[in-house]
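The block underneath contains the structure these notes are about, expressed in C-alpha cells.
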Amino acid sequence: MSAPVIGQPLPRVDGRLKVTGRATYAAEFPRPKVTYGTLIQSTIANGRVVKIDLSAAKSAPGVIGILTRENAPHFRPYPDDLSRADAPGESRVPLQDDEIHYAGQHLGVVVAEFFEQATYAASLVRVTYQTQPPIVTLDDERVHKNATSPEKFAGREPLQVKRGDVDAALATAAHKIDLVYSTPIENHNPIETYSTTAEWEASDRVLIHECTRGIKQLQRVVANAFGLPQGNVRILCPFIGGAFGSKGFQWSHTLLAAAAAKQVQRPVKLTLTRPQMFDSAGQRARTEQRLSIGADKTGKLVALRHATTTHSSPTHDYTEPCGNTSRMLYSCPNVEVSHRLVRLNLTTPCPMRAPGEAPGVFALECALDELANKADIDPVDFRVQNYAEFNEYENKPWSNKKLRECYQRGAEKFGWSKRSKQPGSMHAADGSHIGFGMATAIYPAGQQKAGATAILNKDGTVTVRSATHEIGTGTYTAMSQFASDTLGIPIEKIRFELGDSQFPEAPNNGGSWLTASVAPAVMGACRELKTKVVDLGGTWPNDSTQLANLFARSGQDQIQADFNSEPNKEEREKFSFFSYGALFVEVHVDLLGQARVKRAVGIYDVGRMINPRLARSQIVGGMLFGFSMALMEGTIPDEKTGRIVNANLADYHVAVHADTPEFDIDFINEPDPHMPDLGARGIGEIGIVGAPAAIANAVFNATGKRVRDLPITPDKLI
C-alpha cells in the first residue's frame, strides 16, 4: 500500500505538459486539409436583414465557401431543457430568421484556405438592414414597458421570495438604510478564446475539437441540431484555457463551424477573436440592486429587502439571481427578495464566476457595512451578532458550518483590531490613505450525477476515465489522488483521462460541483476494480509475475470496472449545503484616487482539503477575479449603435501581476459529514464572493467615500 495522497499539496500531474507547451488546446489540433472560418456579424443592434451581398467576398483569394441563412442546413431546435427562455446559453439555433437582436449577431461564416484570407473576405460582405434604434441601458425609459418578474433562476431557484412583514419591521427599526448598488456588464476574457474545429468523418458522423466545459451537453446539442445519433458526435477537449462561466453553454459558432465543414467537405477551424468574446458568447449582465435593511437598537436585523433589476437579450429570460444569498446568509425574521428583468439589445447574458453571488453579495455586504457603521458596531461583530444558526429560508440545518471560526481566525491573522473606525484616519508613509475592509463569502455546495471507468493495464498502471473537464482548477491531479488512495497504489501509476464525450457521463463543469460529483464516481469505479482484481488473483498484483498470472487467469487484455454515482437525496432533503469564508483586505488609496489592494487574508470552510496547493490557487484566483471586478472591469455599450466600445484588453481592464497583493489563505479543513465519500465541498467560485465588497468597504474606511457603483475607479474618489 502506498502512502495516502488525499490532503497532500501535490503538484499538478499535468503541470509539465503545460509549461513545456505540450498541453493541446482546441485550436491546436492539426487536421489534414484544415480550412479557416471567419464569422459574418451584424453591425447593427436592432432591426432585420434585408440582403447579404456576397459577390465581392466570393471572388476574394482563397475562399472555398460561404455559409449564410440562404444555404445553411435547417438546424433542429436545441433540446427542450436547454431552449427554455431562462436557461443559460442561447435558446435559439443560429440563422433562424432575419431578425437582428444585438450587434455582433452571427449571420454566417466565410471559409478560406488561410485565416487571413477568410478574415479579409468577411470584411467584403455587405449587409443591407432595416434598422430600429437599439435599447442598451437600464436608464432607457423604453426598457421598462415590457419588464417581467421571472419566477425561477434556470428553472430551479425561486427568484421572488417573501417571509414576514418587511414594511412593518422597517417602520419601527432603530437603524435602517435604503440604498442602491450597481454592477456593470462584465465579459469573460479567458486566455483561450472560443475555438471549434469541426470535421465530418462521414456524412453522418462528426468530430469536434471544442473548448467546452460541457462535453456531454455539447454532444447532445450537435446531435440534435443535425439529426444524428448522439454516438455519432464526438467532442474532444483535454484542456481548457480558462472558463468560469464561459465555455459552458451552447453558442452558435459551434453549429456554424460544423455546418460550414459539411458544406466545404473539409475540416473547418473557427476561432473567436478577442473582440468577439464581447459580443458572441455571453456576459455578466448589469445589475441595479436596492437594499432596504433595518436593525433594532442592539444591532439585530429585523428586516431585509433586496430588489434586483437586471437584463437579458430580446430573445431570452436568463436572470442574474442577485438576491438569492440574501434569503439566508444572515438571521432575519422579515425578508423579501425580488428580481425584475428587462430586455436590452445586447448578447444573451450567462453565468460568470459565482453568478448571482458575486454581484449580489457585493451589494449585501456593502449594505451590512453601512448599517453597522450607522449603528456604531464593528463590522465583524455585526455579522457575528446576526449569525444564521440554520438556513431560515429552507428551514433546514446546515450540513456543516464553521463561519464563526472563519471570522475569528481571519480577524486575528489580519490584525483587524488595529483598524480605526474613523474613515480617512490611517495613512501610509507615502501619504496614501489606508483602509481595512471585510466581507463574508458563501457559495452553494452542489453535487450532480457522474460516471467513471477504471482499467487495470498489463503494465500495472491504471487508467481512469470520465467525460469531465480541466479548466485549470486541477481536475487531472485531484482525480488521480482519489484513484491512488482508493486503490492503494502510487499516484505515478494512475493515468486520469477526461475531455472525451465517449467517456462515461459527467456533468458540466460549473456550480463548483465538479469534485463533489466526479470524485465519488472515480472512487466507486476504483473500488469495483479492486474487488474484481482481488476476486481473480487473491490480492492486488505488486510485481510482473503476479500481473502476468492475473491477466492469464482473466483471459483479457484489460480488467475494467464502471461506476455511476449520484447525490444522496435523503441528505440533500435534510440539510442545506454551503461553503463559507471570511476575507479581510487592506487597501491604499493615493492622492490621485487610485486604489490598490496591498494584502488580503481569507479563511474558508469548504469541508475536507483534497489538495491544499490546488485549493489555495483557486482562492487566490477567485480573489483576484473579485479585485478586478471591484476596481477595473466594466463593458461599455455605445448607446446609439449598441456596439461594445471597449471590446479589447487595452480598454477593458483586468487584474494583472502588478495588481496582485500579499495573500494569506487558510482553511478550516473539517470534513462535511453529509458529503458522501469525501467530505469536501466546492471551492472554485467562492473565492470571488465577497471580494468586491471587502474592497469597497476598505475604500470607505480609507477615504470616507462610499462607492456603490462598480468599478471603483479614480474619478469616483477624487
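Taking the side-chain hydrogen bond (donor to acceptor under 3.5 Å, both in side chains) definition, one finds that Thr660 meets it with nothing, sequence neighbours left out. Under the side-chain hydrogen bond (donor to acceptor under 3.5 Å, both in side chains) criterion, His188 pairs with no residue, sequence neighbours left out. Evaluation of the side-chain hydrogen bond (donor to acceptor under 3.5 Å, both in side chains) rule for Asn697 yields Arg706 as partners, not counting sequence neighbours. Scanning for side chain to side chain contact (heavy atoms under 4.5 Å, CB included) contacts around Thr641 gives Asp638, Arg643, with sequence neighbours left out. Taking the side chain to side chain contact (heavy atoms under 4.5 Å, CB included) definition, one finds that Pro73 meets it with Leu67, Phe75, Phe226, Ala259, sequence neighbours left out. Checked against side chain to side chain contact (heavy atoms under 4.5 Å, CB included), Asn646 has the following partners two or more places apart in sequence or in another chain: Thr635, Ile636, Ile644, Asp651, Tyr652. Take Tyr181 and apply the side-chain hydrogen bond (donor to acceptor under 3.5 Å, both in side chains) test, not counting sequence neighbours, and it matches Glu370. Evaluation of the ring-ring contact (aromatic ring centres under 6.0 Å, His included) rule for Phe578 yields Trp398 as partners, not counting sequence neighbours. For His311, there are no ring-ring contact (aromatic ring centres under 6.0 Å, His included) partners, not counting sequence neighbours. Scanning for ring-ring contact (aromatic ring centres under 6.0 Å, His included) contacts around Tyr25 gives Phe239, with sequence neighbours left out. Residues passing the side chain to side chain contact (heavy atoms under 4.5 Å, CB included) test with Arg596 are Gln594, Asp659, sequence neighbours excluded.
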Donor-acceptor list for residues 146-155 side chains, cut-off 3.5 Å, not counting sequence neighbours:
none

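Side chain of Asn345 to backbone of Asn46: no donor-acceptor contact under 3.5 angstrom is found.
Between Glu157 and Arg327 there is a salt bridge, since a side-chain N of the basic residue sits under 4.0 Å from a carboxylate O of the acidic one.
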